[in-house]
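As structure tokens, the structure follows; a few thoughts come after it.
Residue numbers run from 1 in the order of the sequence given.
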Amino acid sequence: QVELVESGGGAVQAGGSLRLSCAASVRTSANYVMGWFRQTPGKERELLAARYAGATSTYYADSVKGRFTISRDLAKNTAHLQMNSLKPEDTGVYYCAAKFRGTTDWAYWGQGTQVTVSS
């Protein structure tokens, strides 16, 4: 029911920055949690950041704390991931995702966008 589309991926050098965006096909609300995941071939998909609408609660994986920032704009039905001080190990496919509050499964996913960080 909810379609998500990511944009903003690309190739950067270590120490650089990228800003990813996620557009939703329907209006988001405080009932949805928005998150960003990263997947590298041969490794498990990792939740990097999540933000709850209608609350101040956020989550960041230890690997991105202090470098990545997740934000939401309910009026525009968008979410963003600002990535600073990028490292080669940040390379991977980044996915925007959403889930209903109170559920454990991330029910809605974007198509993914490639981020490549070189030394």
### Task
Working to the nearest 0.5 Å, report the span between CG of Leu4 and CG of Asn77.
10.5 Å
### Query
Is there a chain of hydrophobic side chains (I, L, V, M, F, W, Y, each step under 4.5 Å between heavy atoms) that links Tyr94 to Val5?
no
### Task
Treat each ILVMFWY residue as a node, draw an edge where side-chain heavy atoms are under 4.5 Å apart, and state whether Met34 and Phe100 are in one component.
yes
### Message
List the residues meeting side chain to side chain contact (heavy atoms under 4.5 Å, CB included) with Thr58, not counting sequence neighbours, and say none if there are none.
### Response
Arg51, Tyr60
### Query
Who pairs with Phe37 by ring pair (Phe, Tyr, Trp, His ring centres under 6.0 Å), at least two apart in sequence or on another chain?
Trp106, Trp109
### 4.5 Å side-chain heavy-atom contact, Trp36 and Cys22
yes
#### Entry: For Ser85 against Arg67, the heavy-atom pair lying closest together
O-NH1, 3.0 Å
### Task
Please report the closest heavy-atom contact between Lys99 and Thr103, naming both atoms and the distance.
NZ-O, 2.8 Å
### Task
Measure across Tyr52 and Arg101 and return the closest heavy-atom pair with its distance rounded to 0.1 Å.
CD2-NE, 4.5 Å
### Query
Quick one: side chain to side chain contact (heavy atoms under 4.5 Å, CB included) partners of Val12, sequence neighbours excluded?
Leu18, Leu86, Val117
### Message
Nearest 0.5 Å, please: how far is OG1 in Thr69 from CE in Met83?
### Response
11.0 Å
### Task
Using side chain to side chain contact (heavy atoms under 4.5 Å, CB included) as the criterion, list what pairs up with Gln114, not counting sequence neighbours.
Thr91, Val93, Thr116
## Note on the structure
For Ala14 and Pro88 the tightest heavy-atom approach is CB-CD, 4.1 Å
### Query
If we only count heavy atoms from C-beta on, is the Tyr108 to Tyr32 side-chain gap below 4.5 Å?
yes
### Message
Membership question, hydrophobic clusters at under 4.5 Å side-chain separation (ILVMFWY): are Val64 and Leu20 in the same one?
### Response
yes
Could you list the donor-acceptor pairs under 3.5 angstrom formed by side chains in residues 41-50, with sequence neighbours left out?
| residue | atom | partner | partner atom | Å |
| --- | --- | --- | --- | --- |
| Glu46 | OE1 | Arg38 | NH2 | 3.4 |

### Task
Would you indicate whether the side-chain heavy atoms of Val115 and Asp90 approach each other to under 4.5 Å?
no
#### Entry: Partners passing side chain to side chain contact (heavy atoms under 4.5 Å, CB included) against Ser71 (at least two apart in sequence or in another chain)
Arg19, His80
#### Entry: Verify same cluster id: Val33, Ile70 (apolar side-chain graph, 4.5 Å)
no
### Task
Might you work through the side chain to side chain contact (heavy atoms under 4.5 Å, CB included) test for Tyr95 and Gln39, ending with a clear yes or no?
CA-CA 8 Å; Tyr95 295 89; Gln39 186 166 13; 4.0 Å; yes
### Task
Decide whether Thr78 and Asp73 meet the rule of one side-chain donor and one side-chain acceptor closer than 3.5 Å.
no
### Query
Do Ser21 and Glu6 have side chains that get closer than 4.5 Å, going by heavy atoms?
no
